[in-house]
Amino acid sequence: MNLPEPTNFIEQFINEELENGKFESVGNKIIVRFPPEPNGYLHIGHIKAMCINFGVKERYGGELNLRMDDTNPAKEDYEYVDSIVDAVNWLGFKYDRLVYASDYYDKLYEIAEKYIKDGNAYVCDLSAEEITATRGTLTEAGAPSPYRERSVEENLKLFREMKEGKYPDGAKVLRAKIDMSSPNLNMRDPVLYRIAHVSHYRTGDKWCIYPMYDFAHPLSDAIEGITHSLCSLEFENHRPLYDWVIEKAGFKKPVPRQIEFARLNITNTLMSKRYLKKLVDEGFVRGWDDPRMPTVMGLKNRGVPPEALKKFCADVGVAKAYSVVNSAQLDSCIRDNLNENAERAMAVVDPIKLTIANYEGEEELDFEKNPVKDAGTRKIKFTGSVYIDRNDFSLDPPPKYKRLQKGGTVRLKGAYIVRCDDVKLGADGRVEELICTYFPETKSGSNAETTIKAKGVVQWVDAKYGKDAEFRQYEPLLKDEEYPDQDYAERLNPNSERVFFGKAEPYLFESELGTAFQLMRTGYYKHAECGDRLLLTEIVSLKDNFNK
RNA sequence: UGGGGCGUCGCCAAGCGGUAAGGCAACGGACUCUGACUCCGUCAUUCGGGUGUUCGAAUCACUUCGCCCCAGCCA
């Protein structure tokens, strides 16, 4: 058998099973699933889960079901289903089928009746509080429910009445009959079905009883023929129950195997759906797709290429140890990708006029689209009167300053070397205009002999042909040092704190392109919201690089 | 305190009894029409601690310390 080289312990485990012939009866086809609950937007933590699952699918030539784990009607909606599908598609992951746990409500109900008939489940009249009270503690066994020994007939009758809507919410539940003294609390007669007179976004009012995760998830896996059910570490304690549920339902082998991995944590951001929702609901960000958000759509709007995210996940790896990855690692993957793929543009944020006294007329210059790979050039117009950024000039330059200073030279990228002869100051003492001399023989790309040298290169925007674009710098939501690695809950004080994903990058721009692009010199990916003035050399369609 | 997991460089992470990969970060230096990129070099005598077994241990055993998860009719 041709087994792929495992990239993590999960694949290593799968390889061993394959070698042992565990899946021979199903043609050694590996089937996995990615099962988000449609109650929120996907974030970068989900991307890791997707990379793991889709990675297994691809390496084993298997299949993957995108499954909406929608068993709690109170929280779920199509809005989220749509956003999840959009996110998966944007990332370029190809699933084999889109399925819903709610598709199985009928089957699940039948299996529940089977449980009852087999004496593996019973209807319990205890209230939620009473169930909690009789569950016992970490060190003490729980007490059996007084309803634990009801007859099969009575249980069946009661369960059917539950289904028919005869009881109000909370009046009764269906419980598994396992072991009230198990050291694993999940095995102390867990609830399988609860009554909820809530209409479900897909099944409407057909049901008033809904299966719990611990019942629906393993059975959904088994029904779909999932071979490996990959989930995060906190479900480790559920595995015995997962196995029990499938076994009692009577599924034929091979039966799905749950494998757990550590979820992703990143410094400088929040990964909990609950707090992300809070940011949205309380207006700290524009929405789930705000570029400061670690959501898939937020990342997309930042101009982060999907491939960079996949690279990041691959670099970070899969293990079982709790970890917090430094956001610099993500930044590195993004920079790397953008450096390779992004077309370059020049922009000036805080302009100072630079006038070349000895230049006349205008011309078109060739501007390299991407110096890393051969992406060709485009034309930019030059009239000798340009803007450069305020911080590319210094009246009082520090040692080793490479940009422009009075009497010094600098290269206008893609154009000429200029020397600053005079500085005009405004009434407020701020630099208003630089009067320069250019050297024709230093034209970019020319091979003319010259002794003129410039230590630095600056971006510029032509005063006549440059274009305005709207932008606003984003406020970081939290200061760097305030970012919690954990226990961030209490730090989110609604009135004072702010959140930003990643370092507080100062230049995030968004023009009418609605996308990001890499600015020259800053060498970083940029994005923006509207608000202030930004000068661009030209509106180039960089959109294609990112937001497909 | 019961059970289940986890502890390898500042941050991730390989390693599966034969003598510590790699990435990020950092630090030197070269190069550069982005102070970017690229390049070259440095960065764990040591694997939470201890004790054993072994010719030989991060890898096995015992013990100890630390961290995470579980008492939702959430997923």
Side-chain angles (χ1 to χ4, degrees), chain A residues 7-9 12 35-37 39 69-72 74-76 101 124 126-129 131-142 169-175 181-188 190-196 209-210 212-214 216-217 231-240 260 262 264-267 273 311-312 314-333 335-336 339-340 344 346 368 371-372 400-403 410-417 442 444-445 454-459 485-486 518-524:
Chain A
T7 61
N8 55 242
F9 76 94
Q12 194 171 332
E37 183 187 12
N39 70 345
D69 215 357
D70 53 358
T71 55
N72 185 1
K75 294 186 184 173
E76 299 149 3
C124 179
L126 256 25
S127 69
E129 298 71 44
I131 287 181
T132 298
T134 53
R135 183 151 26 225
T137 66
L138 297 179
T139 52
E140 298 158 32
D169 291 3
K172 287 176 166 40
V173 292
L174 183 72
R175 287 229 255 169
S181 62
S182 170
N184 183 341
L185 298 257
N186 294 307
M187 300 299 271
R188 319 244 261 229
V191 172
L192 265 22
Y193 265 93
R194 78 283 215 178
I195 299 171
I209 58 173
Y210 292 94
M212 300 289 292
Y213 166 88
D214 280 317
H217 200 92
C231 61
S232 49
L233 244 30
E234 63 265 35
F235 291 104
E236 224 159 11
N237 293 329
H238 294 245
R239 196 162 69 214
E260 310 83 8
L264 177 66
N265 294 291
I266 305 179
T267 62
K273 223 179 243 181
K311 172 67 163 50
F312 170 69
D315 284 1
V316 155
V318 185
K320 296 190 73 166
Y322 172 87
S323 64
V324 182
V325 179
N326 198 306
S327 62
Q329 188 132 6
L330 207 215
D331 292 340
S332 167
C333 290
R335 260 188 270 118
D336 222 47
N339 181 49
E340 188 72 26
R344 309 301 146 90
M346 293 194 288
E368 208 176 0
V372 175
K400 296 191 177 174
Y401 189 71
K402 292 175 70 170
R403 288 161 275 159
V410 78
R411 172 175 288 281
L412 297 178
K413 176 143 183 84
Y416 301 92
I417 291 178
T442 62
S444 180
K455 272 189 291 186
V457 181
V458 302
Q459 298 183 54
D485 289 344
Q486 54 190 100
Q518 186 187 39
L519 278 187
M520 308 295 306
R521 203 185 81 243
T522 57
Y524 201 72

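This structure is a prediction, so every number in the text was calculated from the model and none was measured. Chain identifiers are assigned alphabetically (A, B, ...) following the order of the sequence lines, protein sequences preceding nucleic acid strands; residue numbering begins at 1 within each chain.
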Nearest of B/A13, B/U1, B/A25 to any side-chain atom of A/T139? B/U1
Mind checking who B/C39 pairs with, Watson-Crick or G-U wobble, both distances under 3.5 Å? B/G29
Would you check if A/L185 and A/R188 make a side-chain contact, meaning some heavy-atom pair closer than 4.5 Å? yes
Determine the contact category for A/G170: base if any of its heavy atoms lies under 4.0 Å from a base atom, sugar-phosphate if only primed atoms, P, OP1 or OP2 are that close, otherwise nothing. base
For a quick check of understanding: with a heavy-atom distance under 4.0 Å over all strands, which category does A/H238 fall into, base, sugar-phosphate or nothing? base
Could you check how far CD of A/E234 sits from P of B/C70, rounded to whole Å? 8 Å
Give A/I209 one of three labels, base, sugar-phosphate or nothing, depending on what nucleic acid heavy atoms sit under 4.0 Å from its own. nothing
Euclidean distance, A/T7 OG1 relative to A/Q12 CD, rounded to 0.5 Å: 10.0 Å
State whether the side chain of A/D69 and the backbone N or O of A/A101 hold a donor-acceptor pair below 3.5 Å, judged by distance alone. no
Is a donor-acceptor contact shorter than 3.5 angstrom present between the side chain of A/E236 and the base of B/G4? no
Re B/G2: Watson-Crick or G-U wobble partner, both distances kept under 3.5 Å, found to be B/C70
Quick one: does A/S332's side chain have a donor or acceptor within less than 3.5 Å of a partner on A/A328's backbone? no
Which nucleotide in the set B/A75, B/C73, B/G23 lies at the smallest distance from any side-chain heavy atom of A/Q329? B/G23
With P as the reference atom in both, quote the distance from B/U64 to B/A75 in angstrom, rounded to an integer. 39 Å
Rounding to the closest angstrom, what is the interatomic distance between B/A30 and B/A36 at atom C1'? 16 Å
At under 4.0 Å between heavy atoms, what does A/P35 touch on the DNA or RNA strands: base, sugar-phosphate, or nothing? nothing
Please confirm whether any donor atom in the side chain of A/N72 sits under 3.5 Å from an acceptor in the base of B/C74, or the reverse. no
Which whole-number value in Å describes the distance from A/N339 CG to B/A36 P? 11 Å
Where is the tightest heavy-atom contact between A/E76 and A/N39, given as atom of each residue plus distance? CG-CB, 4.4 Å
If you only use heavy atoms from C-beta on, which nucleotide in B/A25, B/G23, B/C12 is closest to the side chain of A/V324? B/C12
Using the C1' atom as the reference point in each nucleotide, state the distance between B/G49 and B/C39 in Å, no decimals. 42 Å
Where each residue is assigned the nucleotide of RNA chain B containing its nearest heavy atom, which of A/G456 and A/D214 is assigned the position nearer the 5′ end? A/G456
Mind checking A/L412 for me? I need base, sugar-phosphate or nothing, with any heavy atom below 4.0 Å counting as a touch. nothing
Separation of A/R194 atom CZ from B/C74 atom P, in whole Å? 5 Å
What is the base-pairing partner of B/C55, counting Watson-Crick and G-U wobble geometry with both distances under 3.5 Å? B/G18
Checking all strands, does A/G414 fall into the base, sugar-phosphate, or nothing category for heavy-atom contacts under 4.0 angstrom? base
Rounded interatomic separation in angstrom, taking NZ from A/K400 and P from B/G29: 8 Å
Between A/R175 (CZ) and B/G72 (C1'), how many Å, whole number? 13 Å
Watson-Crick or G-U counterpart of B/U45, or none if no pair lies under 3.5 Å: none
Check: B/G3 base within 3.5 Å donor-acceptor of A/N237 side chain: yes
When the distance from OH of A/Y193 to C1' of B/A75 is rounded to whole Å, what number comes out? 16 Å
Taking only the P atom of each, what is the distance from B/G7 to B/C16 in whole angstrom? 15 Å
Does A/S323 reach the main-chain N or O of A/V325 with its side chain, forming a donor-acceptor pair under 3.5 Å? no
Between B/A57 and B/A20, how many Å separate the two P atoms, rounded to a whole number? 12 Å
Sugar-phosphate, base or nothing in reach of A/S127, heavy atoms under 4.0 Å: base
Tell me which nucleotide among B/G5, B/G72, B/C12 gets nearest to the side chain of A/M212. B/G72
NZ of A/K320 to CD of A/E260, rounded to nearest 0.5 Å, is 5.0 Å
Interatomic distance, A/Y322 OH vs B/C70 P [rounded to whole Å]: 13 Å
Tell me what A/R411 touches on the nucleic acid: a base, only sugar-phosphate, or nothing, going by heavy atoms under 4.0 Å. base
note: A/F312, atom CZ; B/C11, atom P; distance rounded to Å ~ 15 Å
Expressed in whole Å, how much space separates the P atoms belonging to B/G10 and B/U45? 10 Å
So what does A/Y210 hit on the nucleic acid, given a heavy-atom distance under 4.0 Å: a base, only sugar-phosphate, or nothing? nothing
Same-atom distance (P) from B/C68 to B/C12, integer angstrom: 14 Å
Both A/G445 and A/P36 contact RNA chain B. Which one's nearest nucleotide lies toward the 5' end? A/G445
Look only at the side chain of A/S182 and the backbone of A/N184, and say whether a donor-acceptor pair between them is shorter than 3.5 Å. yes
Could you check which of B/A13, B/A75, B/C12 has an atom nearest any side-chain atom of A/V325? B/C12
Run A/H238 and A/H217 through side-chain contact (heavy atoms from CB on, under 4.5 Å) and show every step you take. CA-CA 11 Å; A/H238 294 245; A/H217 200 92; over 6 Å; no
Using a 4.0 Å heavy-atom cut-off across all strands, classify A/A128 as base, sugar-phosphate, or nothing. base
Under 3.5 Å for both donor-acceptor distances, Watson-Crick or wobble: does B/G7 have a partner, and if so which one? B/C65
From the candidates B/C73, B/C6, B/A75, the one with an atom nearest any side-chain atom of A/K320 is B/C6
Let's test your reading of the model: under 3.5 Å, does the base of B/G4 pair with the side chain of A/R239 as donor and acceptor? no
Looking for any heavy atom pair under 4.0 Å, which part of the strands does A/V316 touch: base, sugar-phosphate only, or nothing? sugar-phosphate
If the P atom of B/C37 is compared with that of B/A71, how far apart are they to the nearest Å? 47 Å
By nearest atom, which of the nucleotides B/C6, B/C37, B/C70 is closest to the A/A321 side chain? B/C6
